[in-house]
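The structure appears right after this line, and notes come after that.
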Amino acid sequence: MISARGYAAHNPHSPLRAFAFEREEPRERDVQIQVLFCGVCHSDIHQAKNEWSNTIYPCVPGHEVVGRVTKIGASVTTHAVGDIVGVGCMIDSCRHCKPCKLGLQNYCEGPNSWLATYNGPMVPAKLAPGGLNAYGRDNTYGGYSDVLVVRDDFLIRIPAALKPEVAAPILCAGVTTYSPMKHWKVQAGQKVGIIGFGGLGDMAVKLALAMGAQVVMFTSTDAKLAEARKLGADAVLESDAKALDAHASSFDFMLSTVPQRHDLNPYLPLLKRDCTLVVVGALEVMEPVNNQQVAFHRRSVSGSLIGSIAETQEVIDFCARHGIGPDIEMLRIQDLNEAYSRIEQGEVRFRYVIDMASLAEEPVPTNLA
């Protein structure tokens, strides 16, 4: 076993604090990495506070991980010691179901679905057929830690043209917005609407612009209008009914990145016939949709979940080629709880990225999971 250190939540109300635990040594197809940077995702907060009612404690969040390879298993040929690699939201899948065979691990239909980088299988044993856990572990510990061990084919190569700390949030925020744009075939010349301008919305605007689309960003915050325009997007206050009316039946694609329950109805009239609004920011029950606005123009409302391993590599390479990435602010892990509060209060548009070197400043925890 490998001794590891991280930051963990121990119940829905506790602040995250230093935590000692063990990881398994790399097996034949595994890669061990020293974690250098880890992005802070809004879903980390949802999980730490058990807001989705599925958290396993102790919870060590973090699924936007970039690190350096320090050890490889005997059969690993795709990575070498010293490589800079990334780990996104998944570290394994069942590999046998139809989605997995198609390379769509994020839609794994195995008995436990995919194995999350933290918080264990997406379908825990108690909810799985026969009460089994195909992965042999009920919990996993994520990237708010100093070391990670991951199967080689779930690692992402980080190009030299992309700073590793900038690459980290692309592994979730980037692929979560890239995957639906790819699936619904966003292309140059189309008109794309992005709802919300937080960490996901920032990446969505940048990706859509790089694809050659005309982009309009919708926000509830006056201050964000100028920031979106600096990127080359148009920007509209969602409360400005007249401004919304000016975009009626004009969008080829819309993407909602708002991270909580919200009303989609003001945006439905903005879609062209046969076009789609996709929700990626919220995983809770949404406000009811006015089906008259949907049916009369054969519009669609859909959802999308992160992205596959191949899509994650694609978006990393796309960002490297186009010189784009999230706006980030570096964070010492000791300031993590304060950062959570700022994100919850809606004060943050950029992505926080933890410099994991700061973990070494912590006293060695006396606990051991």
Side-chain angles (χ1 to χ4, degrees), residues 103-104 106 156-157 159 161-162 166-167 169-219 224-236 238 243-258 264 267-281 297-327 349 351:
L104 298 171
N106 49 318
I156 306 300
R157 299 179 303 279
L162 203 55
V166 172
I170 300 171
L171 297 162
C172 176
V175 74
T176 295
T177 51
Y178 175 85
S179 179
M181 290 188 206
K182 178 186 176 184
H183 180 77
W184 276 274
K185 298 179 173 58
V186 169
Q187 55 193 276
Q190 289 187 333
K191 186 175 177 182
V192 170
I194 306 299
I195 304 165
F197 197 50
L200 285 173
D202 173 68
M203 278 306 304
V205 168
K206 290 173 179 174
L207 289 167
L209 287 169
M211 293 172 182
Q214 174 193 352
V215 180
V216 181
M217 188 277 295
F218 297 88
T219 180
K224 294 181 179 179
L225 298 174
E227 295 181 46
R229 288 166 183 153
K230 285 179 184 177
L231 295 178
D234 293 328
V236 175
E238 62 182 35
L244 264 63
D245 287 345
H247 291 282
S249 299
S250 66
F251 283 93
D252 298 284
F253 178 79
M254 299 189 78
L255 188 70
S256 172
T257 68
V258 178
L264 300 175
Y267 304 103
L268 297 179
L270 310 189
L271 286 168
K272 292 178 180 177
R273 176 177 49 82
D274 287 334
C275 290
T276 303
L277 189 161
V278 179
V279 178
V280 295
H297 300 272
R298 205 162 56 191
R299 296 166 175 139
S300 298
V301 176
S302 190
S304 179
L305 186 68
I306 55 171
S308 68
I309 296 300
E311 287 172 330
T312 308
Q313 187 67 63
E314 283 179 27
V315 72
I316 285 283
D317 293 341
F318 182 89
C319 289
R321 285 196 308 274
H322 290 270
I324 59 176
D327 293 338
R349 183 185 64 78
R351 294 291 272 201

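Along the sequence shown, the residues carry numbers beginning at 1.
With hydrogens and angles disregarded, no donor-acceptor distance shorter than 3.5 Å links the side chain of Asp202 to the backbone of Pro326. Looking only at distances, a side-chain donor or acceptor of Thr257 sits under 3.5 Å from a matching main-chain atom of Gly196. The main-chain N or O of Arg299 is never found under 3.5 Å from a side-chain atom of Arg273 such that the two would form a donor-acceptor pair. For Thr176 (side chain) and Ala173 (main-chain N/O), no donor-acceptor pair under 3.5 Å exists by modelled atom type. The closest donor-acceptor contact from the side chain of Ser179 to the backbone of Val175 lies at 3.5 Å or more, if one exists at all. Remark: side-chain polar atoms of Gln313 are not paired, donor with acceptor, to backbone N or O of Ala310 under 3.5 angstrom.
For the residue pair Glu311/Tyr178, the side-chain donor-acceptor check at 3.5 Å is not satisfied.
Taking every heavy atom of both residues into account, Leu162 and Ile316 meet most closely at CD2-O, 3.8 Å. Of all heavy-atom pairs between Pro159 and Asp317, the closest is CG-OD1, 3.6 Å. Between Phe218 and Met254, the closest heavy-atom pair is CE1-CE, 3.7 Å. A pairwise comparison of heavy atoms in Ile170 and Gly325 identifies CD1-CA, 4.4 Å as the closest pair. Nearest approach of Gly174 to Val315, heavy atoms of both residues: O-CG2, 3.9 Å. Closest approach of Gly307 and Thr312 over heavy atoms only: O-OG1, 4.2 Å.
Between the OG1 atom in Thr177 and the CG atom in Leu200 there is a gap of 6.5 Å [rounded to 0.5 Å]. Between the OG atom of Ser304 and the CE atom of Met181 there is a distance of 10.5 Å, given to the nearest 0.5 Å. Atom CG of Leu277 and atom OG of Ser256 lie 6.5 Å apart (nearest 0.5 Å). In this structure, CG on Asn106 lies 5.0 Å from CD1 on Ile306, to the nearest 0.5 angstrom. Going from atom SG of Cys275 over to atom NE2 of His297 covers 12.0 Å, rounded to the nearest 0.5 Å. Here CD1 of Ile156 is found 5.0 Å from CD1 of Ile309. Values are rounded to the nearest 0.5 Å.
Summarising the local packing, CZ of Arg298 is surrounded by 12 or fewer heavy atoms from other residues, nucleotides or ligands at distances under 6.0 Å.
With respect to the salt-bridge test (charged N to carboxylate O, under 4.0 angstrom), the residues Lys272 and Asp252 qualify. Under the 4.0 Å criterion applied to side-chain N and carboxylate O atoms, Asp327 and Lys206 are assigned as salt-bridge partners.
In this structure, Lys191 satisfies the cation-pi test against Phe251, with its NZ or CZ atom closer than 6.0 Å to the six-membered ring centre and inside 45 degrees of the ring normal.
For the pair Leu231/Phe197, a side-chain contact is recorded, criterion being any heavy-atom separation below 4.5 Å from C-beta on. In this structure, Ile324 and Phe318 have side chains that are in contact, with non-hydrogen atoms separated by less than 4.5 Å.
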